[in-house]
Amino acid sequence: MSQIHELSIFDLHEELRAKRLGAEEIARACLERIEKTDPTLRCFLNLEPDRLLAQAAGLDADLAGGATKPGLLTGIPIAVKDNMVAVDSPTTCASKILENYRSPYDATVVARLKSAGALLLGKTNCDEFAMGSSTENSAYFPTRNPWDTNRVPGGSSGGSAAAVAAYQAPGALGSDTGGSIRQPAAFCGVVGLKPTYGRVSRYGLVAFASSLDQIGPLARNTRDVAILLGAIAGHDPVDSTSADEPVDDYLSELGKDIRGLRIGVPSEWFGEGLDTAIAEAIRGVLKRVERLGCRVSEVSLPNTRSAIGTYYIIAPAEASANLARYDAVKYGHRSPQPADLDDMYVRSRTEGFGAEVKRRIMIGTYVLSSGYYDAYYLKASKVRTLLCEDYARAFQSVDLLLGPTTPSLPFALGEKTDDPLAMYLSDVYTVTANLAGIPAMSLPCGFANGLPIGLQLLGPHFSEGMLLRAASAIEQDLDLARPVLAVDRAVSGT
Amino acid sequence: MLTPAFSRKGKQVAVTVEQVRRIAQLAKLTYTAEELELFVQHFQQILDHFETLGKVDTSTVVPTYHALAGPTSTPMRDDQVRPSLPADAAASNAPQASDHQFRVPRVIE
């Protein structure tokens, strides 16, 4: 049998149900794995082992008494990106401005995980306020890729993705504003899903760009992602943008036949800039899905070239408004001995925010300011319509789209930190799903030079069930062998 | 008054240190002289990339601010009074508070 920390959510559940494992044993196994690998990887910003073990022991006592019947997530420790609030732990958003912030309430996703019996394993590292594609923008420390510790895990949910890949956590939550679940999932060789805008409540998610942000699950296989999504999805009366649409039974979609499914391949995504190893791996998968009975055809998303410009106007515009709340009055860092109120605002924000967050606030302020609004923000909002129409047109002739998640393999730490535009351009295949509000997921589909490759599946609004069905069929057909992680070679010294 | 981003020919205007200072003031941020120099350079590169949008014809396109339209995507609820956070919990993270109120530097002399 595999070691406890290597088991999937579903397998842990089976062990727990059969009383072969207890919640405390599982929690202890995760904590030991973290203790062994996290000095190298640094996935976690906050861990409270005593709190976790006490909660797990309490759960074991309830289970032993027979009062609680274990659900799929009962006793499963889940890592949560540090931009979702939980009363059990601090929430920093990987920012100095929230260094000592402790929320008086739980985010809806955290409350839902808890009511499903899951335990909060710890809070994971990310780019500050989820702004970045490498987790290097964390104000505390960068996280390293478990497959090659000189490379980035992606971002912004890099801590969540790396923790799942490195068997520190069986599953995690991330947030995705322009690819922040899918890109790190691709870079770390795990499954990550960004749901339809409004599928999951954003209550308690620290806002970055409110019309784009979505919370979603990361895990080592499709089934575990389906379990987590089922637990967090659904309308929430305290988030008026959470959709009042029924939640599908995602687990029942898995293992279903995908014969006859029409799969579109966006031709614009296979042009210049795409790594040849990634292109080859995706083409390999297309041949496989054809063998599985899917109909593959090329589709066009003609406005792709405008994607990055549109996203990097709209997201910072919304961010500049959302981050105006950090005024050193209600919470967060306050600069000592300010000369007056205005000085307090300026000095507290300048000291508390990191360089990338300030850059985005500046871009956002600029594109919304008088004289620039029409040329930038209004223009981008119109191009957003065209990008939405690109997808709507494509989904008239195909059921879902398949392409790469990222143009490149995981890049080296420090490679893009001095070139913000190069960093932004690496989000080219992911940002449009957020702009159009459609669900999209990344699934491991191979390795090149020992580094994982992610394929992306995208579908119409609320088609998560179909995406998971297709992903599970591809996952089964590929049956990828997982090479030994670099972090394990480093730890064992071989 | 800030100058328009694009001239009528669609060519962008170069960003100046003075403009960036003005934007920083609006955003309640401040930069040192050295930081400003590098910042202006990166800012210019990013704005240059935004120029790609200038070439897209949007004369008949309506803007999108919310990707999902329809009654189920922004459902309304009854406006009923319900319990909220107690005042001391709401103020528990304040850098300075007294009597459940936030304290700030003196505003009026």
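In what follows, chains carry the letters A, B, and so on, assigned in the order in which the sequence lines appear, proteins first and then strands, with residues in each chain numbered from 1. Just so it is clear, the structure is predicted and the values come from calculations on it, not from any experiment.
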*Asks:* From A:His461 NE2 over to B:Ser73 OG, what is the distance, rounded to the nearest 0.5 angstrom?
*Replies:*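 Going from NE2 on A:His461 over to OG on B:Ser73, the span is 9.0 Å.
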*Asks:* Show your working on side chain to side chain contact (heavy atoms under 4.5 Å, CB included) between B:Asp57 and A:Lys382 and close with a plain yes or no.
*Replies:* CA-CA 10 Å; B:Asp57 179 11; A:Lys382 288 178 176 176; over 6 Å; no
*Asks:* Sort B:Ala89 into side chain, backbone, both or neither according to what part of it lies under 4.5 angstrom from a heavy atom of chain A.
*Replies:*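 Looking at B:Ala89, backbone and side chain both touch chain A.
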*Asks:* What pair of heavy atoms forms the shortest contact from A:Arg384 to B:Thr64, and how long is it?
*Replies:*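 Smallest heavy-atom distance, with atoms named: CD-O, 3.5 Å.
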*Asks:* Report, as yes or no, whether the 6.0 Å neighbourhood of atom CD on B:Gln96 holds more than 12 heavy atoms from other residues, nucleotides or ligands.
*Replies:*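 Atom CD in B:Gln96 is crowded, with more than 12 foreign heavy atoms closer than 6.0 Å.
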*Asks:* Side-chain contact test, heavy atoms from C-beta onward, threshold under 4.5 Å: evaluate it for B:Phe50 versus A:Ile363 and give yes or no.
*Replies:*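 Answer yes - side chains close enough.
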*Asks:* Just so I understand: if I count every heavy-atom pair under 4.5 Å between each of A:Val383, A:Val329, A:Leu341 and chain B, which residue has the most?
*Replies:*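 The residue among A:Val383, A:Val329, A:Leu341 with the greatest pair count is A:Val329.
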*Asks:* Checking A:Tyr197 against B:His66 for the ring pair (Phe, Tyr, Trp, His ring centres under 6.0 Å) test, could you report, in this order, the C-alpha distance in whole Å, the side-chain angles of both residues, the deciding distance, and whether it holds?
*Replies:* CA-CA 9 Å; A:Tyr197 182 80; B:His66 191 301; 5.3 Å; yes
*Asks:* Relative to chain A, which segment of B:Leu85 carries a heavy atom at a distance below 4.5 Å: side chain, backbone, both, or neither?
*Replies:*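 Only the side chain of B:Leu85 comes within 4.5 Å of chain A.
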*Asks:* Measure B:Tyr65 against the heavy atoms of chain A and call it side chain, backbone, both or neither at under 4.5 Å.
*Replies:*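 Contact with chain A involves both backbone and side-chain atoms of B:Tyr65.
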*Asks:* Go through it in stages, so that I can follow the logic: the residues are A:Lys358 and B:Phe39, the test is side chain to side chain contact (heavy atoms under 4.5 Å, CB included), and I'd like the CA-CA distance, side-chain angles, deciding distance and then a yes or no.
*Replies:* CA-CA 10 Å; A:Lys358 283 186 238 184; B:Phe39 186 87; 5.9 Å; no
*Asks:* Hey, is the main chain of A:Leu421 close enough, under 3.5 Å, to the side chain of B:His42 for a donor-acceptor pair?
*Replies:*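 No; zero donor-acceptor contacts below 3.5 Å.
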*Asks:* Name the member of A:Ala355, A:Pro420, A:Ala328, A:Ala436 that forms the most heavy-atom pairs with chain B at distances under 4.5 Å.
*Replies:*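 Looking at each of A:Ala355, A:Pro420, A:Ala328, A:Ala436 in turn, A:Pro420 comes out on top.
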*Asks:* Under the 3.5 angstrom rule, does the side chain of B:Arg77 hit a backbone N or O of A:Pro237 as a donor-acceptor pair?
*Replies:*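 Confirmed, B:Arg77 side chain pairs with A:Pro237 backbone.
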*Asks:* Going by heavy atoms in the side chains, are A:Leu386 and B:Thr58 under 4.5 Å from each other?
*Replies:*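 In short, these two side chains touch, coming nearer than 4.5 Å.
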*Asks:* Is there a side-chain contact between B:Arg22 and A:Thr365, using heavy atoms and a 4.5 Å cut-off?
*Replies:*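 Not touching, per the 4.5 Å side-chain cut-off.
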*Asks:* Below 4.5 Å from any heavy atom of chain B, which atoms of A:Tyr326 appear? Answer side chain, backbone, both or neither.
*Replies:*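 For A:Tyr326, neither part sits under 4.5 Å from chain B.
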*Asks:* Side chain from CB out, backbone as N, CA, C, O: work out which of these in A:Thr310 comes under 4.5 Å of a heavy atom of chain B, or both, or neither.
*Replies:*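 Both backbone and side chain.
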*Asks:* Looking at B:Leu38, B:Ile46, B:Val107, B:Thr52, which one has more heavy-atom pairs under 4.5 Å with chain A than the rest?
*Replies:*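 The residue among B:Leu38, B:Ile46, B:Val107, B:Thr52 with the greatest pair count is B:Ile46.
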*Asks:* For the CD1 atom of B:Ile23 and the CG atom of A:Leu368, what is their distance to the nearest 0.5 Å?
*Replies:*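 Here the interatomic distance stands at 9.5 Å.
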*Asks:* Are B:Phe102 and A:Asp327 close enough that some pair of their side-chain heavy atoms sits under 4.5 Å apart?
*Replies:*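 The answer is no, as the side chains (C-beta and beyond) never meet within the 4.5 Å cut-off.
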*Asks:* So does A:Arg325 have more than 12 non-hydrogen atoms from other groups sitting under 6.0 Å from CZ?
*Replies:*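 Atom CZ in A:Arg325 is crowded, with more than 12 foreign heavy atoms closer than 6.0 Å.
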*Asks:* Are A:Tyr312 and B:His49 side-chain neighbours, meaning at least one heavy-atom pair lies under 4.5 Å?
*Replies:*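 Not in contact.
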*Asks:* Go through B:Val20 and A:Tyr366 one step at a time and tell me if the side chain to side chain contact (heavy atoms under 4.5 Å, CB included) criterion holds.
*Replies:* CA-CA 9 Å; B:Val20 172; A:Tyr366 183 80; over 6 Å; no
*Asks:* Just how far is it from atom CG of B:Leu53 to atom CZ of A:Arg305, taken to the nearest 0.5 Å?
*Replies:*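 Output value for this atom pair is 11.0 Å.
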*Asks:* Does any heavy atom of chain B fall under 4.5 Å from the side chain of A:Ala324, the backbone, both, or neither of them?
*Replies:*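 Contact with chain B: none, neither part.
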*Asks:* Side chain of B:Thr74, backbone of A:Thr241: donor and acceptor closer than 3.5 Å?
*Replies:*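 No, because the side chain of B:Thr74 does not come within donor-acceptor range (under 3.5 Å) of the backbone of A:Thr241.
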*Asks:* Say whether, by atom type as modelled, one donor and one acceptor occur between the side chain of A:Thr350 and the main chain of B:Thr30 under 3.5 angstrom.
*Replies:*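 The answer is yes, because a donor-acceptor pair under 3.5 Å joins these two groups.
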*Asks:* Is chain B contacted by the side chain of A:Asn100, its backbone, both, or neither, given a heavy-atom distance below 4.5 Å?
*Replies:*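 Just its backbone gets close to chain B.
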*Asks:* Any side-chain to backbone donor/acceptor pair from B:Asn93 onto A:Arg102? Under 3.5 Å, distance only.
*Replies:*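 A pair under 3.5 Å: yes.
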*Asks:* Which bit of A:Tyr377 is near chain B, if near means a heavy-atom gap under 4.5 Å: side chain, backbone, both or neither?
*Replies:*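 Interface part for A:Tyr377: side chain.
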*Asks:* Using heavy-atom distances under 4.5 Å, tell me whether A:Arg347 contacts chain B through its side chain, its backbone, both, or neither.
*Replies:*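 Contact with chain B is absent: no heavy atom of A:Arg347 under 4.5 Å.
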*Asks:* Where do A:Asp342 and B:Lys28 land on the salt bridge (charged side-chain N to carboxylate O under 4.0 Å, His left out) test, with the steps shown first?
*Replies:* CA-CA 8 Å; A:Asp342 199 61; B:Lys28 301 283 180 211; 2.5 Å; yes
*Asks:* Quick one: closest heavy-atom pair of B:Pro105 and A:Arg334, and the distance?
*Replies:*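 Residues B:Pro105 and A:Arg334, closest heavy atoms: CD-NH1, 4.5 Å.
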*Asks:* Where does A:Leu435 contact chain B at under 4.5 Å (heavy atoms): side chain, backbone, both or neither?
*Replies:*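 Just its backbone gets close to chain B.
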*Asks:* Which residue out of A:Ser306, A:Ser211, A:Ser348 racks up the most heavy-atom pairs below 4.5 Å with chain B?
*Replies:*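 Counting heavy-atom pairs under 4.5 Å, the top option is A:Ser306.
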*Asks:* Donor-acceptor check, side chain of A:Arg349 to backbone of B:Ala27, threshold 3.5 angstrom: yes or no?
*Replies:*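 Present.
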*Asks:* Less than 4.5 Å to any heavy atom of chain B: does that hold for the side chain of A:Ser240, its backbone, both, or neither?
*Replies:*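 It is both, since atoms from each part get that close.
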*Asks:* Does any heavy atom of chain B fall under 4.5 Å from the side chain of A:Asp374, the backbone, both, or neither of them?
*Replies:*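 For A:Asp374, neither part sits under 4.5 Å from chain B.
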*Asks:* Is chain B contacted by the side chain of A:Met344, its backbone, both, or neither, given a heavy-atom distance below 4.5 Å?
*Replies:*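 For A:Met344, side-chain heavy atoms alone lie under 4.5 Å from chain B.
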*Asks:* Heavy atoms only: give me the nearest B:Pro95-A:Gly332 pair and the separation to one decimal.
*Replies:*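 So the minimum-distance heavy-atom pair works out to CG-O, 3.4 Å.
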*Asks:* At a 4.5 Å cut-off on heavy atoms, which part of B:Val56 comes close to chain A: side chain, backbone, both, or neither?
*Replies:*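 Contact with chain A is through both the backbone and side chain of B:Val56.
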*Asks:* From A:Tyr101 OH over to B:Ser92 OG, what is the distance, rounded to the nearest 0.5 angstrom?
*Replies:*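 If I round to the nearest 0.5 Å, the distance is 7.0 Å.
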*Asks:* Under the side chain to side chain contact (heavy atoms under 4.5 Å, CB included) rule, what do B:Leu68 and A:Phe462 come out as? Steps first, then yes or no, please.
*Replies:* CA-CA 11 Å; B:Leu68 276 84; A:Phe462 303 107; 3.5 Å; yes
